[in-house]
Amino acid sequence: YVAKGALKFIFGSYQLRQGADPTANLKEAIALQTKASKWEWVRYAAYSNMAAAYADLSVYERKMGIDEGESLKQSVANNSEAVKLNPNSPNLRTNFGISLAEMANYETRKGINAEPTRDQAIREFQEAVRIEPKFEIGYDSLGTIYLERAQSEFEHGQDPNSSAEL
């Protein structure tokens, strides 16, 4: 199930990038990974794969004018489960942080206070680089989220300089 689900995810991601409708392949990937999540030895990978499929589905939904909130919630929830099962993985921590950052961006677009979600994303990125101090993606993600925070503060008439302190 994991391998077949991963292939469906890859094909769905390819369709998304080509401008085609990836919904069927991404939903099949999610269904296969849901089955795989029942097996202890692949559970964290299945949750991580489901999170990625939901993240791509949310990209497509937003592009098509469909509210992506539910897909983003599922991406966050599945990444959270993956981290619970494998908390010392900087990759899983970063993936979780990215899904939280995407949720924060969604909340901002909807006029919802995104700071709690953004703060949680920052904590995940910080934990990733604590686990692996040379983990460049973690640092890159931290820089991106601090920039997003500063932009949000500026747009709301606040001083963005506080976000510049790492």
Side-chain angles (χ1 to χ4, degrees), residues 1-10 12-13 16 22 25-62 68-108 110 112-152 162-166:
Y1 293 115
V2 174
K4 187 174 180 183
L7 287 174
K8 287 294 184 177
F9 167 70
I10 290 167
S13 291
L16 176 65
N25 280 301
L26 293 175
K27 287 187 176 185
E28 188 173 350
I30 291 165
L32 289 164
Q33 297 300 334
T34 299
K35 289 179 183 177
S37 72
K38 309 287 187 261
W39 302 327
E40 187 73 33
W41 59 278
V42 294
R43 188 171 291 160
Y44 79 86
Y47 281 115
S48 181
N49 291 343
M50 282 189 286
Y54 276 116
D56 271 6
L57 189 57
S58 76
V59 170
Y60 178 74
E61 289 167 342
R62 182 169 182 220
E68 72 272 26
E70 187 56 38
S71 292
L72 288 171
K73 285 179 191 173
Q74 289 298 322
S75 180
V76 168
N78 281 287
N79 271 314
S80 177
E81 287 300 315
V83 166
K84 285 178 189 173
L85 293 166
N86 192 356
N88 293 318
S89 168
N91 287 318
L92 293 179
R93 292 280 183 174
T94 300
N95 290 346
F96 187 25
I98 290 169
S99 66
L100 288 163
E102 289 301 321
M103 179 58 84
N105 292 336
Y106 170 80
E107 291 169 346
T108 298
K110 293 295 184 180
I112 300 167
N113 178 13
E115 286 314 302
T117 307
R118 195 171 280 123
D119 288 344
Q120 188 179 0
I122 289 168
R123 287 190 298 274
E124 291 302 323
F125 296 140
Q126 288 172 334
E127 185 61 14
V129 297
R130 186 200 65 75
I131 293 166
E132 180 55 55
K134 294 182 180 183
F135 192 62
E136 294 173 8
I137 296 169
Y139 289 106
D140 183 58
S141 298
L142 268 172
T144 300
I145 194 121
Y146 281 125
L147 176 62
E148 289 170 355
R149 173 182 273 166
Q151 287 173 330
S152 177
S162 64
S163 294
E165 297 178 27
L166 300 178

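Just so it is clear, the structure is predicted and the values come from calculations on it, not from any experiment. Note: hydrogens, waters and symmetry copies are ignored here, and every other heavy atom, side chains too, is used.
With values rounded to the nearest 0.5 angstrom, L72 atom CG is found 9.5 Å from N105 atom CG. Interatomic distance, CD of Q151 versus CD of E148, reported as 7.0 Å (0.5 Å rounding). Rounding to the nearest 0.5 angstrom, the gap separating the CG atom in N49 from the OH atom in Y44 is 10.0 Å. F125 CZ to Y146 OH: the interatomic distance, rounded to the nearest 0.5 Å, is 10.5 Å. Taken to the nearest 0.5 Å, the CZ atom of R130 stands 14.5 Å off from the CZ atom of R123. Note: I131 CD1 to R93 CZ = 5.0 Å, rounded to the nearest 0.5 Å.
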List, one per line, each side-chain donor-acceptor pair under 3.5 Å for residues 50-59, sequence neighbours excluded.
residue	atom	partner	partner atom	Å
D56	OD2	S13	OG	2.3
S58	OG	A55	O	2.6

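No hydrogens or angles considered: a donor-acceptor pair under 3.5 Å links the side chains of Q74 and E70.
Residue I137 qualifies as open at atom CD1: its count of foreign heavy atoms under 6.0 Å is 12 or below.
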Going through the checks in order, is the side chain to side chain contact (heavy atoms under 4.5 Å, CB included) test met by V76 and F96? CA-CA 6 Å; V76 168; F96 187 25; 3.9 Å; yes

Does the side chain to side chain contact (heavy atoms under 4.5 Å, CB included) test come out yes or no for N79 and E124, once each step is laid out? CA-CA 11 Å; N79 271 314; E124 291 302 323; over 6 Å; no

Apply side chain to side chain contact (heavy atoms under 4.5 Å, CB included) to residues N25 and F9 and explain how you reach the verdict. CA-CA 6 Å; N25 280 301; F9 167 70; over 6 Å; no

Assess whether side chain to side chain contact (heavy atoms under 4.5 Å, CB included) is satisfied between Y47 and V83, documenting all intermediate values. CA-CA 9 Å; Y47 281 115; V83 166; over 6 Å; no

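Looking at L142 and I122, their side chains come closer than 4.5 Å, going by heavy atoms from C-beta outward.
Annotation for A101 and I145: closest pair CB-CD1, 3.5 Å, computed over non-hydrogen atoms. When all heavy atoms are compared, the tightest approach of T108 to A114 is OG1-CB, 3.4 Å. Between E61 and S71, the shortest heavy-atom distance links the atoms OE1-OG, 2.8 Å. Minimum heavy-atom separation, L92 to S48: CD2-OG, 3.6 Å. Closest of all the heavy-atom pairs between Y60 and P22 is CD1-CD, 3.3 Å. L100 approaches T117 most closely through the heavy-atom pair O-CG2, 3.2 Å.
Between K84 and E81, at least one side-chain N (NZ, or NE/NH1/NH2) sits under 4.0 Å from a carboxylate O, which counts as a salt bridge.
T94 contributes a side-chain N or O that, together with a main-chain N or O of P90, makes up a donor-acceptor pair within less than 3.5 Å.
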